[in-house]
Student: 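Dumping the structure here so I can ask a few things about it.
Sequence lines set the chain letters: A, B, ... in the order given, protein chains first and strands last, and positions in each chain run from 1.
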2 protein chains.
Amino acid sequence: MVDERLPQPDAEDIELVKVMHALGDPVRIRLLGVYADGGEHSCAPEAVGLGHLHKSTVSHHMRVMREAGITTTRVAGRNRYVRLRRDELDARFPGLLDALLKSLP
Amino acid sequence: MVDERLPQPDAEDIELVKVMHALGDPVRIRLLGVYADGGEHSCAPEAVGLGHLHKSTVSHHMRVMREAGITTTRVAGRNRYVRLRRDELDARFPGLLDALLKSLP
DNA sequence: CCTATGGTTGGACTGTCGTCAAACAATCTC
DNA sequence: GAGATTGTTTGACGACAGTCCAACCATAGG
């Protein structure tokens, strides 16, 4: 079967306030730092530096980020690979992602 | 009596995640747009385009923004004047405020 | 087919958030 | 000083959010 993607908003439907809300949480802004390399990342808590959280909690945070339009999730077999929607975010909110990544703690 | 300021964090104590959290609300990101002109603004709901909200609610939102380090409030008589802490935000999070203001709906 | 893997979903619990209303406080004006 | 003006504070209430646990589901590999 061909790769599929979990539900996510279209690029033009990404709302600034939802992006802000998604990043207004310590866990998720930390995830942003993990995704900053532009690569794909597994969902396992240990794979994203969240070994202290339950896997369902991590899944919840990833869903919030995906539904806000920050990330996209590719389904491949039993694995899911998450990465930043960098181009679409840059197009919609020019300079925002760069400024955020530079300001990360 | 000399003008005073309501409690606010020092510039170096402004935390990105708290700024994000403060702006992850429809009312407050709208306030950011009001303050974008750099000028001082009264706290009256009608003065900031929030005539549909109770004055105590508006007061609450202004406090959240102030305690996040986004705004500063000058006390003058019975009035309080709120404005953006633009220089300090620019110094701490370069480019962030510009990107946000450009992305405002 | 059986089992292990990687992740999602639903429920429960706790805590925080946005809103309003009423009371309060400080200042200005008469 | 009395009353009006400008906000803040406190309490109440419903809604939402973060976390864990248990159950579930789809797929991969024997």
Student: What is the nucleic acid contact for B/Leu50, judged by heavy atoms within less than 4.0 Å: base, sugar-phosphate only, or nothing?
Tutor: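 Here B/Leu50 touches no strand at all.
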Student: Using atom OH of B/Tyr81 as one end and atom C1' of C/dT27 as the other, report the distance to the nearest whole Å.
Tutor: 12 Å
Student: Taking atom P of D/dT8 as reference, at what distance in whole Å does atom CD of B/Gln8 sit?
Tutor: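 Those two atoms, CD and P, are 14 Å apart.
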Student: Would you mind reading off the distance between A/His41 atom NE2 and C/dG6 atom C1', rounded to a whole angstrom?
Tutor: 17 Å
Student: Using the side-chain contact (heavy atoms from CB on, under 4.5 Å) definition, which of the options A/Asp90, A/Leu89, A/Leu97 pairs with A/Phe93?
Tutor: A/Leu89
Student: In the 5'-to-3' direction, what one-character label does each nucleotide of nucleotides 18-24 of chain D receive under the scheme B = base within less than 4.0 Å of a protein heavy atom, S = sugar-phosphate only, - = no such atom?
Tutor: SBBB---
Student: Which heavy atom of A/Leu96 sits nearest to which heavy atom of A/Met20, and what is that distance?
Tutor: CD2-CE, 3.8 Å
Student: To the nearest 0.5 Å, tell me how far B/Leu31 CG sits from B/Ile70 CD1.
Tutor: 10.0 Å
Student: Please give me the minimum heavy-atom distance between B/Ala68 and B/Ala22, naming the atom from each residue.
Tutor: CB-CB, 3.8 Å
Student: Show me the pairs that pass side-chain hydrogen bond (donor to acceptor under 3.5 Å, both in side chains) and involve residues 45-56 of chain A, at least two apart or across chains.
Tutor: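 Sorted pair list: A/His54-A/Ser56.
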Student: For B/Asn79 and C/dT27, is the shortest distance between a side-chain N/O and OP1 or OP2 below 4.0 Å?
Tutor: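 Negative; the distance criterion is not met.
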Student: When you measure from the side chain of B/Arg66 to the backbone of B/Leu6, do you find a donor-acceptor pair of N or O atoms at a distance under 3.5 Å?
Tutor: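 Checking the backbone N and O of B/Leu6 against the side chain of B/Arg66, no donor-acceptor pair under 3.5 Å is found.
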Student: Just the table, please: protein N/O against nucleotides 1-5 of chain D N/O, every pair under 3.5 Å.
Tutor:
unit_1, atom_1, unit_2, atom_2, d
D/dT5, O4', B/Arg78, NH1, 3.1
D/dT5, O2, B/Arg78, NH1, 3.2

Student: What is the distance, to the nearest angstrom, from the CZ atom on B/Arg63 to the C1' atom on C/dT19?
Tutor: 14 Å
Student: Take atom NZ of B/Lys18 and atom C1' of C/dT16, then tell me their distance rounded to the nearest Å.
Tutor: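 Result: 14 Å.
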Student: Using whole Å, report how far CE of B/Met62 lies from P of D/dG7.
Tutor: 8 Å
Student: Does A/Ser42 or B/Gly77 map to a spot on DNA chain C nearer the 5' end, using the closest nucleotide for each?
Tutor: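 Result of the comparison: A/Ser42.
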Student: Step by step, work out the side-chain contact (heavy atoms from CB on, under 4.5 Å) result for B/Thr72 and B/Arg5.
Tutor: CA-CA 7 Å; B/Thr72 185; B/Arg5 297 203 166 267; 3.0 Å; yes
Student: Between atom CZ in B/Arg74 and atom P in C/dA26, what is the gap in whole Å?
Tutor: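 Those two atoms, CZ and P, are 20 Å apart.
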Student: Does a nitrogen or oxygen in the side chain of A/Ser59 sit under 4.0 Å from OP1 or OP2 of C/dG7?
Tutor: no
Student: If I take atom CG in residue A/Leu6 and atom P in nucleotide D/dC25, what distance separates them, rounded to the nearest angstrom?
Tutor: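 Rounded to whole Å, this separation is 17 Å.
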Student: Are A/Arg86 and A/Asp98 close enough for a salt bridge, meaning some N to O gap below 4.0 Å?
Tutor: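 Yes, charged N to carboxylate O under 4.0 Å.
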Student: Treating Ile, Leu, Val, Met, Phe, Trp and Tyr as nodes and any side-chain heavy-atom pair under 4.5 angstrom as an edge, say whether B/Leu50 and B/Val64 lie in one connected cluster.
Tutor: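 No, it is not one cluster - the side chains of B/Leu50 and B/Val64 are not joined through contacts under 4.5 Å.
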